[in-house]
Amino acid sequence: MANIQEVAKQARVSVATVSRVLNGQNTVSEKTRKKVEEAIKKLNYEPSMLGRNLRNSESRLFLILIPSISNPFYLEIIKGIEAVAISQNYNILLCETDSNPERENIYFDLVRKKMADGIISMDPTVNIETLKNLSENHAIIQCSEYEEGSGIPYVTIDNEDASYRAVKHLIQIGHKKIALINSDEKYLYARQRKMGYIRALEEYGITLNSQFIIVTQHLGFENGQHAMKKLLYLHDRPTAVFAVSDLLAIGALKEINASRLHVPSDIAVVGFDKIDFSNMTNPTLTTIAQPMYKMGTVAVKMLIDKMNGKEVESIILDHELVVRESTSGQFI
């Protein structure tokens with residue numbers, strides 16, 4: 001493979017002139033530029049992107065922080081991020097933090113050492129103080145999960161209103177004994193979704209039953225099963241369940257089916273996210289649809305704007321209640 005010195009020799013110009021042509025500088029005459037471009041084409045020369053990036057003090061790499069790569073919720077967001085990033089000649093690096101501070105610091109160091117140009121954080125467990133400090137000198141955007149008052153721009157949905165709509169739907173089809181399978185309330189989204197749940201109950205004059213609120217430490221399928229099992233053990237069990245993630249809801253569905261109860265006639269179930277699996281369950285799952293792909297495209301556009309020194313405002317995207325079989329039919 002030809003190198004830049006051979007291109008310079010072929011074009012009868014200096015290496016510096018070839019470099020200026022490669023970098024798009026307008027200090028080279030049109031005649032000289034054509035000579036260099038012809039030499040590049042003849043020798044099939046491919047410039048080193050690494051070298052160019054180092055000269056321009058950029059890596060063309062974005063870090064995408066996620067707590068777990070196994071959660072399908074992040075897949076569509078990542079697809080949206082990648083589509084825009086690639087169209088703008090950037091690459092992405094998925095960083096699974098596993099809620100581990102040491103692993104987080106390894107990724108943060110990549111930005112500090114200019115081996116990455118910016119961060120899109122989707123990790124609710126991220127060290128927000130470290131993220132805030134980094135954001136003073138580096139481009140950072142929060143996506144889906146965010147911290148209020150951090151000063152770091154974010155793109156998300158209105159979690160309180162979304163959960164309010166989900167619980168209101170259950171009430172309007174006849175349910176009064178509605179359980180909540182929630183995540184740890186140290187996370188903002190868990191607090192917001194609980195607030196929406198409570199708001200819907202209060203609006204319809206339904207007394208809050210603390211036994212109907214189950215908190216899980218993780219959003220996995222098994223956690224939904226275990227939470228549902230606790231609810232089924234209650235003497236006066238709920239007739240409907242709202243889970244703050246589809247994985248929890250799908251786990252709850254499995255436990256209900258294993259107990260030889262029927263959804264929705266015995267217990268109705270609503271999830272949150274609209275992951276692909278939510279349309280593959282039996283019965284199919286009523287859920288809150290987050291615009292995950294759009295969330296990803298918006299996040300990376302915000303990040304690029306931030307890198308270019310533009311003022312970036314936080315964005316709240318629309319959500320949708322998707323009614324399917326797990327709440328359809330007449331409840332008696």
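The figures here come from the full heavy-atom set of this structure, side chains too, leaving out hydrogens, waters and symmetry mates.
- In this structure, CD1 on Ile140 lies 9.0 Å from NZ on Lys306, to the nearest 0.5 angstrom.
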Criterion side chain to side chain contact (heavy atoms under 4.5 Å, CB included) on Phe272 and Leu248, from CA distance to verdict: CA-CA 9 Å; Phe272 202 110; Leu248 291 175; over 6 Å; no
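- Between the side chain of Thr216 and the backbone N or O of Asn223, no donor-acceptor pair lies under 3.5 Å.
- Under a 3.5 Å cut-off, the side chain of Asn182 and the backbone N or O of Ala190 do form a donor-acceptor pair.
- Ile69 and Phe221 fall within the same hydrophobic cluster, defined by Ile, Leu, Val, Met, Phe, Trp and Tyr side-chain heavy atoms under 4.5 Å apart, directly or through other members.
- Within 6.0 Å of the CD atom in Glu311, the count of heavy atoms belonging to other residues, nucleotides or ligands does not exceed 12.
- Looking only at atom types and distance, the side chain of Thr281 has no donor-acceptor partner in the side chain of Thr284 under 3.5 Å away.
- With contacts defined as side-chain heavy-atom distances shorter than 4.5 Å, the pair Phe62/Gln88 does not qualify.
- No side-chain heavy atom of Met122 sits under 4.5 Å from any side-chain heavy atom of Leu65.
- Here the shortest heavy-atom pairing between Ile120 and Cys143 reads CG2-CB, 3.7 Å.
- Crowding of Phe277 atom CZ: a count of heavy atoms from other residues, nucleotides or ligands under 6.0 Å not exceeding 12.
- Here the side chains of Leu110 and Leu93 are in contact, with some heavy-atom distance below 4.5 Å.
- Heavy atoms of other residues, nucleotides or ligands lying less than 6.0 angstrom from NE2 of His218 number 12 at most.
- The cluster map of Ile, Leu, Val, Met, Phe, Trp and Tyr, joined by side-chain heavy atoms under 4.5 Å apart, puts Ile275 and Ile78 in the same cluster.
- The hydrophobic clustering, which links ILVMFWY residues whose side-chain heavy atoms are closer than 4.5 Å, places Leu75 and Ile77 apart.
- Here the options are Lys194, Arg191, Arg193, the test is salt bridge (charged side-chain N to carboxylate O under 4.0 Å, His left out), and the partner is Glu185; only Lys194 passes.
- Annotation for Asp246 and Asp273: closest pair OD2-C, 3.6 Å, computed over non-hydrogen atoms.
- Put simply, the side chain of Glu320 reaches to within 4.5 Å of the side chain of Val322, judged on heavy atoms.
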Verdict with reasoning, Met228 to Gln225, per side chain to side chain contact (heavy atoms under 4.5 Å, CB included): CA-CA 5 Å; Met228 193 67 235; Gln225 284 184 278; 5.9 Å; no
Verdict with reasoning, Asn209 to Lys177, per side chain to side chain contact (heavy atoms under 4.5 Å, CB included): CA-CA 8 Å; Asn209 184 341; Lys177 296 190 291 184; over 6 Å; no
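- From Ile40, atom CD1 reaches atom CD of Glu38 across 10.5 Å, with rounding to the nearest 0.5 Å.
- For Ile157 against Asp318, the heavy-atom pair with the smallest separation is CG2-O, 4.2 Å.
- For the pair Asn159 and Leu188, the minimum side-chain heavy-atom distance is 4.5 Å or more.
- Checking side-chain atoms of Ser259 against main-chain N and O of Leu261 turns up no donor-acceptor pair under 3.5 Å.
- Of all non-hydrogen atoms in Ile152 and Ile128, the two that sit nearest each other are CD1-CD1, 4.4 Å.
- Proximity of a side-chain donor or acceptor of Ser278 to a complementary backbone N or O of Lys274 within less than 3.5 Å is not detected.
- Between the side chains of Tyr189 and Ser183, at least one donor N or O lies within less than 3.5 Å of an accepting N or O.
- By the 4.0 Å N-to-carboxylate-O rule, Lys34 lies too far from Glu37 to be salt-bridged with it.
- Nearest heavy atom pair, residue Val244 against residue Leu219, reads CG2-CD2, 4.4 Å.
- A side-chain donor from one of Gln172 and Tyr204 sits under 3.5 Å from a side-chain acceptor of the other.
- Under a hydrophobic clustering in which Ile, Leu, Val, Met, Phe, Trp and Tyr are joined whenever their side-chain heavy atoms come within less than 4.5 Å, directly or via other members, Tyr233 and Ile267 fall into different clusters.
- Between Lys132 and Glu129 a salt bridge is recorded (basic side-chain N to carboxylate O distance below 4.0 Å).
- There is no side-chain donor-acceptor pair under 3.5 Å between Asn127 and Glu104.
- To the nearest 0.5 Å, atoms CZ (Arg12) and OG1 (Thr17) are separated by 15.0 Å.
- Counting heavy atoms from C-beta on, the side chains of Pro283 and Leu253 come closer than 4.5 Å.
- For CZ of Arg112, the number of neighbouring non-hydrogen atoms (other residues, nucleotides, ligands) closer than 6.0 Å is greater than 12.
- Put simply, the side chain of Ile171 does not reach to within 4.5 Å of the side chain of Lys176, judged on heavy atoms.
- Closest heavy-atom contact between Ile119 and Leu303: O-CD1, 3.7 Å.
- Distance alone, capped at 3.5 Å, is enough to place a donor-acceptor pair between the Asp123 side chain and the Thr125 backbone.
- In this structure, OH in Tyr90 is found 4.0 Å from CZ in Arg60, a value given to the nearest 0.5 Å.
- Results of the side-chain hydrogen bond (donor to acceptor under 3.5 Å, both in side chains) test with Gln142 over Ser314, Ser150, Ser121 single out Ser150 as the only residue that passes.
- Of the inter-residue distances, the one linking Tyr107 atom OH with Leu94 atom CG reads 9.5 Å to the nearest 0.5 angstrom.
- Under 3.5 Å, the side chains of Tyr164 and Glu203 contain a donor-acceptor pair of N or O atoms.
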Step-by-step side chain to side chain contact (heavy atoms under 4.5 Å, CB included) determination, Met292 to Phe73: CA-CA 8 Å; Met292 294 175 283; Phe73 166 70; 3.3 Å; yes
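- Between Leu61 and Asp117, every side-chain heavy-atom pair lies at or beyond the 4.5 Å cut-off.
- At distances below 3.5 Å, not a single donor-acceptor pair connects side-chain atoms of Asn308 with backbone N or O atoms of Lys310.
- Side-chain atoms of Arg324 come within 3.5 Å of backbone N or O of Leu285 as a donor-acceptor pair.
- A continuous path of hydrophobic side-chain contacts links Leu231 to Leu208 [ILVMFWY only; heavy atoms under 4.5 Å].
- Checked by atom type and distance alone, the side chain of Tyr197 pairs as donor or acceptor with a backbone atom of Ile178 at under 3.5 Å.
- A distance of 8.5 Å separates CD1 in Ile315 from CD1 in Ile141, rounded to the nearest 0.5 Å.
- A side-chain N or O of Thr327 and one of His169 form a donor-acceptor pair less than 3.5 Å apart.
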